[in-house]
Amino acid sequence: MKKLSVIVPVYNEQNTIAEILRRIEEVTIPGWSKEIIVVDDGSKDRTKSVLKQWEKKVNVLYKEKNEGKGSALSIGFKKTTGDVVLIQDADLEYSPMDYPVLLAPFDNPQVDVVYGSRFLGPHL
């Protein structure tokens, strides 16, 4: 079985973070297990209090100072243990239901990377 690491960089997403984590948790990907790593980039709203409720289910890392998405991702990458890493923004723009399509090319051992695009459409 392969392992997927999902990194969720978060900054002031109190209204959407619980829903995206629920959706990530719900998605089933045959042949894959998953770990979820949330990096709070110094949120100033109630995001931290929402994340406290998820600490037993997902790996939550808190930054004191907001340093941007790249900084949050860098921290998240260091904590991954999966065969493949996927970045999931917390704003609900992209659906975890698309994970199986994004991961399907990895059935081919020659595939090293897959990029998703909202503009190009499916290109399998």
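Predicted model only: the values in this text are computed from it and were never measured.
Looking at heavy atoms from C-beta onward, P96 lies in side-chain contact with I20 at the 4.5 angstrom threshold. Taking 4.5 Å as the limit, some side-chain heavy atom of I87 sits within range of a side-chain heavy atom of F77. Proximity of E13 to S43: side-chain heavy atoms (C-beta onward) are nowhere separated by under 4.5 Å. Within the 4.5 Å cutoff, the side chain of L102 has no heavy atoms near those of the V84 side chain. Residues V10 and V39 fail the side-chain proximity criterion, which asks for heavy atoms closer than 4.5 Å. Here the side chains of Y62 and V60 are in contact, with some heavy-atom distance below 4.5 Å.
Taking CD1 of I29 as the reference point, atom CE of M97 lies at 10.0 Å (rounded to 0.5 Å). With rounding to the nearest 0.5 angstrom, the OH atom of Y11 is 9.5 Å from the CG atom of D40. For the atom pair W54 CH2 and L51 CG, the distance stands at 9.5 Å (nearest 0.5 Å). Between atom CG of residue N12 and atom NZ of residue K44 there is a gap of 8.5 Å, rounded to the nearest 0.5 Å. Residue K3 holds its NZ atom at 12.0 Å from CH2 of W32, rounded to the nearest 0.5 Å. Here the CD1-CD1 distance, from I36 to I7, works out to 12.0 Å after rounding to the nearest 0.5 Å.
I24 approaches Q88 most closely through the heavy-atom pair CD1-CG, 3.7 Å. Taking every heavy atom of both residues into account, K48 and K63 meet most closely at NZ-O, 4.3 Å. Taking every heavy atom of both residues into account, K2 and D83 meet most closely at CA-OD2, 3.3 Å.
A salt bridge links K52 with E55: the distance from a Lys NZ or Arg NE/NH1/NH2 to an Asp or Glu carboxylate oxygen falls below 4.0 Å. Under the 4.0 Å criterion applied to side-chain N and carboxylate O atoms, E19 and R22 are assigned as salt-bridge partners.
Judged as a side-chain contact (heavy atoms from CB on, under 4.5 Å), and not counting sequence neighbours, the contacts of K65 are E67.
Side-chain atoms of T16 come within 3.5 Å of backbone atoms of A90 as a donor-acceptor pair (strictly under, hydrogens ignored). For the pair D89 (side chain) and D91 (backbone), a donor-acceptor distance under 3.5 Å is absent. In this structure, the side chain of T80 does not engage the main chain of G82 through any donor-acceptor pair within 3.5 Å. Remark: the backbone N or O of V6 is not paired with any side-chain donor or acceptor of E35 at under 3.5 angstrom. One N or O on the side chain of S49 and one on the backbone of R46 form a donor-acceptor pair closer than 3.5 Å. Side-chain atoms of T47 come within 3.5 Å of backbone atoms of Q14 as a donor-acceptor pair (strictly under, hydrogens ignored). Proximity of a side-chain donor or acceptor of K78 to a complementary backbone N or O of L73 within less than 3.5 Å is not detected. Counting only distance, with no hydrogens or angles, the side chain of K69 and the backbone of D41 share no donor-acceptor pair below 3.5 Å.
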Starting from the C-alpha separation in whole Å, work towards a yes-or-no answer on side chain to side chain donor-acceptor pair (under 3.5 Å) for K34 and S5. CA-CA 6 Å; K34 65 183 172 242; S5 295; over 6 Å; no
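Surrounding CD of E64 are at most 12 heavy atoms belonging to other residues, nucleotides or ligands under 6.0 Å away.
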